[in-house]
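Report on one structure; see the data block that follows.
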There are 2 protein chains.
Amino acid sequence: MPRAGLSRQAVVDLALSVVDDGGPSGWSDLALSTVAHRAGVAVPSLYKHVDGLPGLRSAVAARCVADLTDAMARAIARPATDLEDAAAHKDAPADDDRRATLAGAEAVRALAAAIRAYALAHPGRYRAVQSAETAALGPGSAGPVELVARAVRQLGLPAHRWVDQVRAIRAAVHGFVELELGGGFGLPEDVEMSFRYLLDTLVAGLR
Amino acid sequence: MPRAGLSRQAVVDLALSVVDDGGPSGWSDLALSTVAHRAGVAVPSLYKHVDGLPGLRSAVAARCVADLTDAMARAIARPATDLEDAAAHKDAPADDDRRATLAGAEAVRALAAAIRAYALAHPGRYRAVQSAETAALGPGSAGPVELVARAVRQLGLPAHRWVDQVRAIRAAVHGFVELELGGGFGLPEDVEMSFRYLLDTLVAGLR
DNA sequence: GTCCCAAAGCTAAGACCATTAGCCAAGCGC
DNA sequence: GCGCTTGGCTAATGGTCTTAGCTTTGGGAC
């Protein structure tokens, strides 16, 4: 039997594709059998590369966190060009990346938009992020939360409110996205508009 | 073999207790085997009362929605006495229940607090509510969303913003609770305070 | 070029799940 | 007292993850 040439890397990649193809429930539906089938391999073979289903889940979640963090960092690094057209600028001189980072309220809004865009584009991955975030990184380590925290600190508001403010932003964005993914917004009214309304209201009200 | 004297009602009650005992993951961990064991019955027997695991889940979720709706209705009906001491007032004259309902911003805050209190007291049930809400009730039917909508309408703000406002409130509360349940607030800072901050900021900023 | 061995695949088997089919007895209605 | 509905059961099927142990591949050492 020819070898499939798997690797931890490859297995996680396959799992990622499974999560992506599963829509919002792709994360909870992630199963070894699906990954094995997609790899053209028997299920127990996966154990040579990954520590069972829990191990695979952690690995996938970690990748998703890094993924989202990247998207957020790009969102505040390059105002105009949002997420997807980063490739189009590959040929531009490297100094283009040095453009000044967004700050304050602009940054908060950009980060929120990036989180929502990521969640809508990769619902399964977003859910994966949520089950990881908590366990992994302590305060200070660069992750989605830290990016939001940095932006909030630049708002120039009293330091004793920073924690409350970060929590408020995170809660609002996460709650909105979660409801949107779950189909919780039954009415036909423009969801895009509601999201801007939420952010504008919240950010303008911070003190 | 003596009969266990089960009923659909009893099975759902048992399932509810399983969900409660399971903490935040009690809902996703809900299994027929656990319920059957708790009922002192073999697993297939449950099919005589409930339409498999999906059926049981819907029934449980429906009960949780009604449950939460009740708690929210009580929260705006009786300002001082919150959730748990309703029983203590059982002997008071029935007219006591006629106390004027809270309105406007007060009502919104009370509803938000009730939702969070419910989620913290019954994390599994709260998660059950989230997986149901969407499917079940259309607009207008009395449920948690409709209660929030009514309170928002009484704020006296422009009607074309009502939908956005309801969505904002729901998103903020749900997101906060979800992060709190998931252990997403790593820092030791007072979570109670952060919740009030979020609500005050949001409600004060609505326009 | 050969040999060897670590690593990567496999099958088999066990412990849980949910579900369906079909049997049997309990106990209520008449 | 008889029967029939109904609520329990066992058995069997197919799905999941996991462990154990075997086979074979393919690359590095010599």
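Residue numbers begin at 1 in each chain, while the letters A, B, ... track the order of the sequences. What you are looking at is a predicted structure, and each value in this text was computed from that prediction instead of being measured.
The separation between R57(A) atom CZ and dT18(D) atom P is 10 Å, rounded to whole Å. Put simply, CG on L53(B) is 20 Å from P on dG14(D), counting in whole angstrom units. Atom OH of Y47(A) is separated from atom C1' of dG9(C) by 15 Å (rounded to the nearest Å). Nucleotide dT18(D) holds its P atom 10 Å from the CG atom of L56(A), rounded to whole Å. In this structure, the CZ atom of R8(B) is 15 Å from the P atom of dG8(D), given to the nearest Å. One atom, CG of D51(A), and another, P of dC17(D), lie 14 Å apart when rounded to the nearest Å.
Open room surrounds CG on D51(B); 12 or fewer heavy atoms of other groups in view lie less than 6.0 Å from it.
Classification of R196(A) and E192(A) as a salt-bridged pair fails, no side-chain N sitting under 4.0 Å from a carboxylate O. Salt-bridge check for R38(A) with D21(A): passed, with a basic side-chain N closer than 4.0 Å to an acidic carboxylate O.
In terms of phosphate contacts, H49(B) brings no side-chain nitrogen or oxygen within less than 4.0 Å of OP1 or OP2 of dT6(D).
Which of dC17(D), dG8(D), dT19(C) sits closest to the side chain of L6(B) comes down to dG8(D). When distances are taken from the side chain of K48(A) to each of dG8(D), dA8(C), dC9(D), the shortest belongs to dA8(C). Between dT19(D), dT19(C), dG8(D), one nucleotide has an atom nearer to the side chain of V43(B) than all others, and that is dT19(C).
Residues Y126(A) and E178(A) have side chains that never bring a donor and an acceptor to within less than 3.5 angstrom of each other.
Sorted by residue number, the members of residues 19-42 of chain B with any non-hydrogen atom under 4.0 Å from DNA chain D read V41(B), A42(B).
Rounding to the nearest 0.5 Å places CG of D67(B) at 3.5 Å from OH of Y118(B).
The side chain to side chain contact (heavy atoms under 4.5 Å, CB included) test applied to T69(A) returns V65(A), P144(A), L147(A), not counting sequence neighbours.
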